[in-house]
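Position 1 is the first residue of the sequence, and the numbers go up from there.
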Amino acid sequence: NQKYRRGEMYAVNLKGTFIHRGVIVCIKRFLLKDLPEVTAMLDTGYSLECTKNMISIMYNKIPNLDKKEFYLITFHNIEF
């Protein structure tokens with residue numbers, strides 16, 4: 001009953017605008033405290049500390065954010 005599944009094709013949208021279709025090749029689950037710096041930098045372009053701070057600000061209304069699971073989903077672009 002997962003929303004996203006490895007190997008499935010999805011439409012990738014940014015702010016409601018279609019970008020491309022893609023197949024999920026990897027779904028990585030993590031707690032915010034376990035986010036690797038290289039992942040933070042590749043995903044956001046910012047340091048680990050800045051990335052964690054941005055996430056905390058974006059989700060400031062969620063209680064116990066440090067105990068919530070996050071997902072990094074990697075797509076293979078199929079078409080543009």
ask   = Stepwise, does the side chain to side chain contact (heavy atoms under 4.5 Å, CB included) test hold for D66 with L32?
value = CA-CA 6 Å; D66 57 329; L32 192 54; 5.9 Å; no

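Few gaps surround CZ on F70; more than 12 heavy atoms of other groups in view lie less than 6.0 Å from it. Counted within 6.0 Å of OH on Y46, heavy atoms from surrounding residues, nucleotides or ligands total 12 or fewer; the atom is thus considered open.
L42 and V12 fall into different hydrophobic clusters, defined by Ile, Leu, Val, Met, Phe, Trp and Tyr side-chain heavy atoms under 4.5 Å apart, directly or through other members.
Atom NZ of K52 is separated from atom CG of L65 by 11.0 Å, given to the nearest 0.5 angstrom. For the atom pair CE (M54) and OH (Y59), the distance works out to 11.5 Å, reported to the nearest 0.5 Å. Interatomic distance, CZ of R21 versus NE2 of H76, reported as 14.5 Å (0.5 Å rounding). Taken from NZ in K67 to CG in L31, the straight-line distance is 9.5 Å, to the nearest 0.5 Å. Atom-to-atom distance recorded for L72:CG and C26:SG is 7.0 Å, nearest 0.5 angstrom. Note: L48 CG to M41 CE = 9.5 Å, rounded to the nearest 0.5 Å.
Checking side-chain atoms of T51 against main-chain N and O of S47 turns up a donor-acceptor pair under 3.5 Å. A donor-acceptor distance shorter than 3.5 angstrom exists from the side chain of N13 to the backbone of F18, with no hydrogens or angles considered.
Looking only at atom types and distance, the side chain of E69 has a donor-acceptor partner in the side chain of Y71 under 3.5 Å away.
Checked options R6, E8, M9; the residue passing with V23 is M9 (criterion: side-chain contact (heavy atoms from CB on, under 4.5 Å)).
Using a 4.5 Å cut-off on side-chain heavy atoms (C-beta onward), I62 and K68 make contact. At least one side-chain heavy atom of I73 sits under 4.5 Å from a side-chain heavy atom of I24.
Between H20 and F75, the ring-plane angle classifies as perpendicular under the 30° and 60° cut-offs.
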